[in-house]
Amino acid sequence: SSVTVIGNSHIKLGFDTNGFLSEVKADGLTRLVSQEFLFYEGAVGNNAEFLNRSSGAYIFRPNENKIHFSTDQVEIEVYKGDLVQEVHQKFNDWISQVVRIYNKDSFAEFEWLVGPIPIEDGIGKEVITRFNSDIESNGIFHTDSNGREMIERKLNHRDTWSVKINEEVAGNYYPITTKIDLEDETARLAILTDRAQGGSSLKDGSLELMVHRRLLKDDAFGVGEALNETEFGEGLIARGKHHLFFGKSTDREGVSLKGIERLVQLEKLLPTWKFFSNMEDYTAEEWQ
Amino acid sequence: DPHLTFMRETLGIMQHHDAITGTEKEKVALDYAKRMSVAFRACGATTRNVLNQLSVQSKDNVKDKTAKYVFDFKTCALLNITSCPVSEENERFALTLYNPLAHTVSEYIRIPVPGVSYNIIDNKGVTLESQAVPIPQPVIDIKHRNSTAKYELVFLATNIPPLGYRTYYVEKLEGTEANKKINPLPKAT
C-alpha cells in the first residue's frame, strides 16, 4: 500500500508516499496526525529600543514570522523487528529523525538530529518540529510547570490582563519543561520533551516545539555575543527525543492517558544509569 | 566524600541562571560542560566502589569482604551520539543498569555495537531476545564521532528493582551461532 505503517497492538503510525508521518491509530481512534520540521528566520534588529530587538540568547523573535519548510520530500528507510520498528527519515543535509515504536509501548519515540544549521545565507534560523492534527482544540492547549501541573494556555490571550500581541508567534510561545498537549471532546495529543524547549499551538490541532537555534546577532541583553554555537568550527549539532501520546481524551476506566504520560515522563527523564564492564576474561558461566 | 563534594560544588555552580537558561557566553557554557564531566568522572570512582562491594555482598556467606572480582563499571558519556568504547571494542562485556526510581521499571536498552549477532543473558542465565538495528547514516556521519559502531543492539530489561540494579552479560556470537541470529531486515526505502 502507499502508506508505510509501523507499530504494535497499542499504537500504529502511517507514513505517506512523501515519507512524512500522516496518521496515527491508537486507543480505537484513527486520526490524521502529521509531523514536519520547519525553521523561523531570526529577527535582526538594531537593538536601539525594545521594539527592534534581535532574536538571541534571551529573546525568541522570528523575522516577520517568516517560516520555511525543511523539505517537501523525506527519504525513509524502514526496519521492522520483534522488539522495535523504526522509520529512519532524512529531511535534508542537517535534519534527520528516527521514529520508532517498541513492541510493548503505547507511545511513539521521535529521535531528532538537527545541525549544523547552515548560515551561508547570513540568516539566523530557529528550528521547530511541528505536529498537526485534526483535533479541534479551539486555541486551547496546555504546557507543564516544571514537570508537574499543566497550565491552560489560550492563543493570543492572557488570563490576568487584556494583552496586545505584537508578535503573533513569539507572543504565544511558552516554556515547556516536559510536556505540551491539546485535546477536543474525542481525541488528545501530548508530546513529552527530554529537555526544556519553547513551544506553542499556533493553530487548532497543532503543537510545535523549538529544538535548535543558530543566530547571528547579539540581542543586547548582556551576554555580548550572538547565540551562534560551534564545535570544531562547525555549527553545533543537537540530538534529542520527543514522545508522542495519542488517544481518547475522555478518561477510560480510570486509566487515563494522562496517568500513563506522567509515569513515562518520569521513566524517560530519570532512566537507568548504564555501567559497562569488560568481560573478555570471563565466560558467561564464570560471570554468573 | 571528596568526590561527592566535588559534584555538589559543581552542581552549586550549575544553579546560576546562565547555566540553567543558556544565556552565558559559549566559552562559559563549555566550561560548565567540562566541570560536569570532571564531576561525573570523580563520582565514577564512588559508584565503582559501591557496585563492586554490592556484587560481593550479593554472594551469600562471603567471608572476606574484599571483592574477588573487581569490575570496571564504566559509564559511556557519548551514548548520546551512540558511541561506547567498551561495547564496541570487546566481544564480551557486562551491562549494569541502576534504577534511580522508587518503583520497579522495565526499559528498552540500546547498545552501540559493530556487528549484529550477540547473545544477552540476565543474572539468572536466561537468554534475552535482542534485535540489531542499523545506526542512521546522519548519526554515523557526525564529524569527530570516533566510533566503530554500525548497529544498536536492542533488548528489553525488565523488573529492575527500585533504587536497585540488574546486570546483563553480552557476548558476540561467531560462526554458525552468528548465522542463526536474524540480521536487520532488508530496508524498504
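In what follows, every chain begins at residue 1, and chains take the letters A, B, ... in the order their sequences are listed. When reading the values below, keep in mind they use all heavy atoms of this one structure, side chains included, and skip hydrogens, waters and symmetry mates.
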Checking heavy atoms, do the side chain of [X], its backbone, both or neither come under 4.5 Å from chain A?
| X | answer |
| --- | --- |
| Val139(B) | both |
| Val154(B) | both |
| Leu30(B) | neither |
| Asp141(B) | neither |
| Arg145(B) | neither |

Given heavy-atom pairs under 4.5 angstrom as the criterion, report whether the side chain, backbone, both or neither of [X] touches chain B.
| X | value |
| --- | --- |
| Pro116(A) | neither |
| Lys104(A) | both |
| Leu270(A) | both |
| Gln288(A) | side chain |
| Val84(A) | both |
| Asn103(A) | both |

For [Y], does its backbone N or O pair with a side-chain atom of [X] as donor and acceptor, under 3.5 Å?
| X | Y | result |
| --- | --- | --- |
| Asn90(B) | Asn278(A) | no |
| Glu26(B) | Thr230(A) | yes |
| Glu91(B) | Glu280(A) | no |
| Glu225(A) | Lys25(B) | no |

Hey, could you give me the [atom1]/[atom2] distance between [X] and [Y], rounded to the nearest 0.5 Å?
| X | Y | atom1 | atom2 | answer |
| --- | --- | --- | --- | --- |
| Ile142(B) | Glu234(A) | CD1 | CD | 11.5 Å |
| Phe276(A) | Glu88(B) | CZ | CD | 9.5 Å |
| Tyr169(B) | Thr283(A) | OH | OG1 | 6.0 Å |
| Leu83(A) | Glu129(B) | CG | CD | 4.5 Å |
| Leu95(B) | Thr272(A) | CG | OG1 | 7.5 Å |
| Arg110(B) | Arg100(A) | CZ | CZ | 3.5 Å |

When every non-hydrogen atom of Ile81(B) is compared with those of Arg239(A), the smallest separation belongs to CA-NH1, 3.5 Å
Heavy-atom closest pair, residues Phe275(A) and Thr47(B):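 Closest pair (atom of Phe275(A), atom of Thr47(B), distance): CE2-OG1, 3.9 Å.
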Measure from the ring center of Phe71(B) to the ring center of Tyr282(A) and say whether it is less than 6.0 Å. yes
Parallel, tilted or perpendicular, as decided by the 30° and 60° cut-offs, for the rings of Tyr98(B) and Trp273(A): tilted
When only pairs under 4.5 Å are counted, which of Asp105(A), Leu263(A), Ile237(A) shares the most heavy-atom pairs with chain B? Asp105(A)
Can you establish whether the number of heavy atoms outside Lys12(A) located under 6.0 Å from its atom NZ is more than 12?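 Counting other residues, nucleotides and ligands, NZ of Lys12(A) exceeds 12 neighbours.
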Within a radius of less than 6.0 Å around CZ of Arg148(A), do more than 12 heavy atoms belonging to other residues, nucleotides or ligands occur? no
Only pairs of heavy atoms separated by less than 4.5 Å count here; which of [options] has the most with chain A?
| options | answer |
| --- | --- |
| Ile109(B), Leu97(B), Val105(B), Asp18(B) | Leu97(B) |
| Ala157(B), Gly44(B), Cys84(B) | Cys84(B) |
| Gly125(B), Pro100(B), Pro138(B) | Pro100(B) |
| Ile160(B), Val170(B), Ile20(B), Thr167(B) | Thr167(B) |

Criterion salt bridge (Lys or Arg N to Asp or Glu O under 4.0 Å) on Glu107(B) and Lys274(A), from CA distance to verdict: CA-CA 12 Å; Glu107(B) 182 177 318; Lys274(A) 278 86 181 164; 2.6 Å; yes
Test log, rule side chain to side chain contact (heavy atoms under 4.5 Å, CB included), inputs Glu111(A) and Thr82(B): CA-CA 12 Å; Glu111(A) 184 166 36; Thr82(B) 317; 5.8 Å; no
